[in-house]
Amino acid sequence: MKKAIVRYTEEHYHKLVSADNVLVSGGAKQALMVLLLAILDPKEEVIFPAPYWVSYPEMVKLAGGVPVVVTAEDGTFCPTVREITEAVGSYTKAIILNSPNNPSGTMYSRDFIAEMVEFCEKKSIYLIMDDIYNRLVFDGKSAPLCYDWLKTPLEQSKLVVINGVSKTYAMTGFRIGWAIANRELTEAMGNIQSQQTSGPSAPSQWAAVGALNGVQASVESLRLTLENNRNIMLDRLLAIPGVKVAKPEGTFYCFPDFGAYFKDSQKLANLLLQKVRVVAVPGKEFGFEGHLRLSYCGTIKDITEGLERMQWALDPNSANELYLGDRKLVRDWL
Ligand SMILES: Cc1ncc(COP(=O)(O)O)c(C=O)c1O
C-alpha cells in the first residue's frame, strides 16, 4: 500500500517521497485525527477557513486543541492570506486548508496556496493540506500542488498532505486514507495509530492498491459525471428566485445561500426533510449560516427531482399542491 502511495505521489504531485513518509490510515479522517493528536499540546490552536469540513473543529477539540475559524470579510468562501495570517498567534500550531473545499466546492487559487506554503514555512507552522477532492476538479482546471512551492526538504518541513481513495475512487466504505509527512512525524502518528487500530484492514489495503495502480479511466468518468451533475444542479438552483450560488470548481457539493427564505439553516433543512423528503446539510455545521450543502453525486433524476421539490417548497410562485407518489402535499408553511 505504501509503495502504491509513493508511486501515486510521484505521479500526481511530482514529488519523490519514501515509504517512511507515508502513514496509511482508516480513511483520511483517521490520518487527520492521529496527525492532530501527534502535533497538538493542550490549548494550542489550529486555524482553518470557513466554510470548513464539519469534523475539523471536533477533531481539534478531541486532540486537546482550540479551533480558530477565519471567515472572509467579503462573504466569499475563501479568506485572504492576510485574514488568515492575522489570526496566527503564539498558540498557533497548524493551519488546515481543504481545496477543493467541502462544502463550497471552491478551489483556492495558486497564489493563495503558494503564499500559505511560504508563510507556514517561514513561521514554522504545520500546514495540513486536505487534498481529498483534488482530482475531482472541473472546467479543465487542475488543483494547485502544494509541493510546487515548498523550499524546505520534506524531512525538515512541517507540510503534511492528506489524501485517500474515498472520493477519487468512490471507495468511501473501504476506509483507506493517508498522510505524507516528515519521517519523525510519520513515526509519531504511526505509534498513536498502532495503539488505536493497529492499522487499516488488509483487504481494504489490497482494494486501494488496485485502485491506485489500476486503470484510471473510472476517475475521469466520475469527474465528468460530477461536472455534468454540477451544471444541472446550478441551472436548477438559479431558477429558484432569491437563491444565490457560487459555481463549485470541484468536489460533489454546492453551497447555495437560502438566506432570502430562511436565516436558520437547521430549520430550513428540517423543513425540506420533513415536508418534501430532501436531505441537505445545514450551513451552520460548516460555520456558514443561511446556506445548505447539497450533494450532486446522485443520479440526474434524483438531482432534478430533489430540486423540483425544493423549488416547490420555497418558491412563492409555485402551485399550492404537489403529489409525491400518492401523497398529496399542500404548501402551508410559508
Ligand atoms: C474535506 C474532507 N476531508 C476528509 C474526509 C474524510 O475522508 P475519508 O473517507 O477518507 O475518511 C472527508 C470526507 O467527507 C472530507 O470531506
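Counting starts at 1 for both ligands and their atoms, following the listed order. Keep in mind that this is a model prediction, so the values were computed, not measured.
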Q: Keeping the roles fixed (side chain from N101, backbone from P51), state whether a donor-acceptor pair exists under 3.5 Å.
A: yes
(Q) So, 4.0 Å and heavy atoms of G177: is ligand 1 close enough to count as a contact? (A) no
Q | Ligand-residue contact atoms, ligand 1 with I132, heavy atoms, under 4.0 Å | A | 1 (C), 2 (C), 3 (N), 7 (O), 10 (O), 15 (C)
Q. Any chance the side chains of Y296 and D302 put a donor and an acceptor closer than 3.5 Å?
A. no
**Q.** Whether F48 and Y52 hold their rings parallel, tilted or perpendicular, with breakpoints at 30° and 60°
**A.** perpendicular
Q.
Is the terminal nitrogen or CZ of K267 (NZ for Lys, CZ for Arg) located under 6.0 angstrom from the six-membered ring centre of F262 and within 45° of that ring's axis?
A. no
**Q.** Sub-4.0 Å heavy-atom approach of G27 to ligand 1
**A.** yes
Q | Trace of the salt bridge (Lys or Arg N to Asp or Glu O under 4.0 Å) decision for E155 with R183 | A | CA-CA 6 Å; E155 290 317 323; R183 271 169 221 232; 3.2 Å; yes
Q) Of P103, G173, P100, A28, which has the heavy atom at the shortest distance from atom 7 (O) of ligand 1? A) A28
Q: Show your reasoning for whether side-chain contact (heavy atoms from CB on, under 4.5 Å) applies to M233 and N229.
A: CA-CA 6 Å; M233 184 170 269; N229 289 2; over 6 Å; no
Q. Do the side-chain N and O atoms of S218 and S221 include a donor-acceptor pair separated by under 3.5 angstrom?
A. no
Q. Can you tell which part of S166 has a heavy atom less than 4.0 Å from ligand 1: side chain, backbone, both or neither?
A. side chain
Q. When you measure from atom 6 (C) of ligand 1 to every protein heavy atom, which one gives the shortest distance, and what is it?
A. W53 CH2, 3.5 Å
Q) Considering only heavy atoms, which of K167, K29, R175, M171 lies nearest to atom 13 (C) of ligand 1? A) K167
Q. Counting each atom of ligand 1 from 1 as listed, which ones have a heavy atom of N98 under 4.0 Å away?
A. 1 (C)
Q: Please report which non-hydrogen protein atom sits nearest to atom 3 (N) of ligand 1, along with the residue it belongs to and the distance in Å to one decimal place.
A: D130 OD2, 2.6 Å
**Q.** Any N/O pair Q30/ligand 1 closer than 3.5 Å
**A.** no
